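To keep things clear, I will list the structure first and then write my remarks on it.
Nothing here was measured: the structure is a model prediction, and the numbers come from that model. In this chain, numbering begins with 1 at the start of the sequence shown.
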Amino acid sequence: ISCDIVAIGAYWNDQARSQSGEAYVYRAIDDRLNFSSWNGLGGYDVALEGDLFVVGSHDAVYVMHGNSTQKLLTQTLVGVDGLGRAGSVSGDKIVVGALGAAYVYIKEDVYVETHKFMGEDDFGFDVAVSPKFIVVGAQDSVYVFDAVSFSQRKKLTGERDFGRAVAVFDDFIVVGAPDSEDGAGA
């Protein structure tokens, strides 16, 4: 949710039944919702800031701003497994999760990959970015990086899926653990 816009991803769902996914955007205009959808873009994860819309698919990330669309791939490997499973946007930075990695893209004329963080297999399961921090979730741990210097600031650890969901706002980091507390989640 950003201002008067809501973005929703629907992975493995589309009208053509090709299981390529869809992404939906709802915008409140004059007390009614305007609706847009994109078939075949994956919808694995979505991120939204202002009118910048980021959609993750299985091996790529699509960035939509106004009427333009840019497909992001990694500079090191094309079609990195799981690229787009998580995404977050803040200002001129987009952070994208993949299997065992998180990629940082910074807006120049277009978005360009500038940094890559590596970790164990579940590193990059979820990501979040703010002007101060980049947060990367992994199996039972969360890594916190400085969003300016890109140096690692902290590693937080927990039990049973700690780090499967992450969010950041100002100086606050929120970590989800869906299978903790005897399966009830936390």
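D161 has its side chain within reach of Q139: a pair of non-hydrogen atoms, C-beta onward, lies under 4.5 Å apart. Residues V142 and F162 meet the side-chain proximity criterion, which asks for heavy atoms closer than 4.5 Å.
Taking NZ of K107 as the start and OG1 of T114 as the end, the distance is 14.0 Å to the nearest 0.5 Å. The distance from atom NZ of K116 to atom OH of Y103, rounded to the nearest 0.5 Å, is 3.5 Å.
Applying the 4.5 Å side-chain rule to ILVMFWY residues, one finds V95, V104, I106, F117, F123, V129, I134, V136, Y143, F145, F150 in the same cluster as V127. With side-chain heavy atoms closer than 4.5 Å counting as contact, directly or through intermediates, M118 stands alone and belongs to no larger hydrophobic cluster. Other residues sharing the hydrophobic cluster of V148, ordered by chain and number and joined by side-chain separations under 4.5 Å: none, the residue standing alone.
Residue pairs satisfying the salt bridge (charged side-chain N to carboxylate O under 4.0 Å, His left out) criterion with at least one member in residues 90-101, sequence neighbours excluded, are absent. Screening residues 136-145 for salt bridge (charged side-chain N to carboxylate O under 4.0 Å, His left out) gives no qualifying pairs among residues at least two apart or on separate chains.
In this structure, the side-chain hydrogen bond (donor to acceptor under 3.5 Å, both in side chains) partners of D122, at least two apart in sequence or on a different chain, are R164. Partners of T157 according to the side-chain hydrogen bond (donor to acceptor under 3.5 Å, both in side chains) rule, which considers only residues two or more places apart in sequence or in another chain, do not exist here. Taking the ring-ring contact (aromatic ring centres under 6.0 Å, His included) definition, one finds that F133 meets it with nothing, sequence neighbours left out.
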If you look only at distance, which donor and acceptor atoms sit under 3.5 Å apart when one is on a side chain in residues 166-175 and the other is two or more places apart or in another chain?
from : atom 1 : to   : atom 2 : distance (Å)
D171 : OD1    : K132 : NZ     : 2.7
D171 : OD2    : K132 : NZ     : 3.4

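Shown here for A47 and S88, the closest heavy-atom pair between the two residues is CB-CA, 3.8 Å. A138 and E120 get closest at one heavy-atom pair: CB-OE2, 3.2 Å. Among all heavy-atom pairs drawn from S130 and A147, the shortest one is O-CB, 3.6 Å.
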